[in-house]
2 protein chains.
Amino acid sequence: MNRNSEKKENIRQIINSLSQILNALNSFSKELMKTFSITGPQLGALRKIAQVQQISLSELSQKMYLHISTVSGIADRLEAAGHIIRRRGTEDRRVVYLSVTDKGKEMIDRAPHSGFGKMVHGLEEIPVEKVQQIQDAIRLLVKMMEVKNNVQ
Amino acid sequence: MNRNSEKKENIRQIINSLSQILNALNSFSKELMKTFSITGPQLGALRKIAQVQQISLSELSQKMYLHISTVSGIADRLEAAGHIIRRRGTEDRRVVYLSVTDKGKEMIDRAPHSGFGKMVHGLEEIPVEKVQQIQDAIRLLVKMMEVKNNVQ
DNA sequence: TTCAAAATATTTGTATACCAAATATATAGC
DNA sequence: GCTATATATTTGGTATACAAATATTTTGAA
């Protein structure tokens, strides 16, 4: 195998490994739903609301990169489950503010933060220099994809 | 910042970077649907079918880790779009084999392989040693997540 | 000041993706 | 041959997602 095809094979395996991570995260999402009776999008919304105490529907839809009607539906289900409350704005009565209830906070604490749990544990076990190397590698990948930083 | 909190920060950033990659891939999936009138799951199924020329519905459902009724529905839509054909097995007439049409093959060629496009391009531009380093790093992450290799 | 335009949410309609249970058909085993 | 098993499809249910239509409130301009 020459130098060039070796590189191609390396690239193929990188994509392959990343695909595996994505698959694992999808499986996680299904497990989450079974175990905690909450979906991925719902938990994501709940966390975003909790971060800022209260947030309008339109702001949340921007943060989640989803249509406002989609987020309105997600809010319906979170409200029905008692995880959030809707409150009409007093100053501007067009606005609806969402905030997390105690039950919602409990859910945030109980539900695993994401499928990254095992990965985090693994990273904690290896030397910091190695962690640093991995960080540099992934950062480079992100740079290549030219993605904006919109994750908190 | 001491050694330990430095490591914690590194780990946080690794998770953050991976989340960014995931977000970018989600955005890609939406773009895909708009531009090529095909969804992520449909394109995924199409590729899996193309890999093996023909495949039964149950085999495909196993490969995709989805319920067979789900895959039956995806096959409905791929068939309606003319991307695949269903063919009853001759030996065992319970089995339905799926195969990709010329139109389906064209779709596979036209649609970007995934959101990884830019990443692949970026990887091709850097020296093989660097690619090797990245590969090692990601492999380690996969190992930590204990994911099975089920991606081709 | 009044009235049209803009902003914010919700509702309605459509499509996809999931799963599970029920059903139909075909094969296999006793 | 008849029952159990295997393979797909259909049906029913929920969630996600978007766009268009609607309702309400605010803003801004004549």
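Numbered from 1 within each chain, the chains take letters A, B, ... in sequence-line order. Note that this is a predicted model, so its numbers are computed, not measured.
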Rounding to an integer number of Å, can you tell me how far A:Gln42 CD sits from D:dA15 P? 7 Å
In whole angstrom, what separates A:Ile84's CD1 from C:dA9's P? 12 Å
Rounded to the Å, how far apart are B:Arg87 CZ and D:dT7 C1'? 16 Å
From CD of A:Gln62 across to C1' of C:dA7 the rounded distance in Å is 12 Å
Could you tell me whether the side chain of B:Ile55 reaches within less than 4.5 Å of the side chain of B:Lys48, counting heavy atoms only? no
Nearest whole Å is fine: how far is D:dA15 C1' from A:Asp76 CG? 12 Å
Please report the distance, rounded to the nearest Å, between CG in B:Leu78 and P in C:dT16. 11 Å
Going 5' to 3' along nucleotides 18-30 of chain C, which nucleotides have protein heavy atoms under 4.0 Å from the base (write B), which only from the sugar-phosphate (write S), and which from neither (write -)? BBB-----BS---
Does B:Ser61 use its side chain to pair, donor to acceptor, with the backbone of B:Ser58 at less than 3.5 Å? yes
Any chance you could measure A:Ile134, atom CD1, to B:Arg139, atom CZ, to the nearest 0.5 Å? 13.5 Å
Distance from A:Ile138 atom CD1 to A:Gln133 atom CD, nearest 0.5 Å? 12.5 Å
Residue-phosphate contact under 4.0 Å: A:Ser72 side-chain N/O, C:dT10 OP1/OP2: yes
In short, A:Arg93 meets A:Thr90 closest at the heavy-atom pair CG-O, 4.0 Å
For residues 76-85 of chain B, tabulate all N or O donor-acceptor pairs below 3.5 Å that involve a side-chain atom, not counting sequence neighbours.
residue	atom	partner	partner atom	Å
B:Asp76	OD1	B:Arg86	NH1	3.1
B:Asp76	OD1	B:Arg86	NH2	3.0
B:Glu79	OE1	B:Arg86	NH1	2.6

From CZ of B:Arg86 over to C1' of D:dA8, roughly how many Å is that when rounded to an integer? 8 Å
Just the rounded figure in Å: distance from P of C:dT16 to CD of B:Glu79. 14 Å
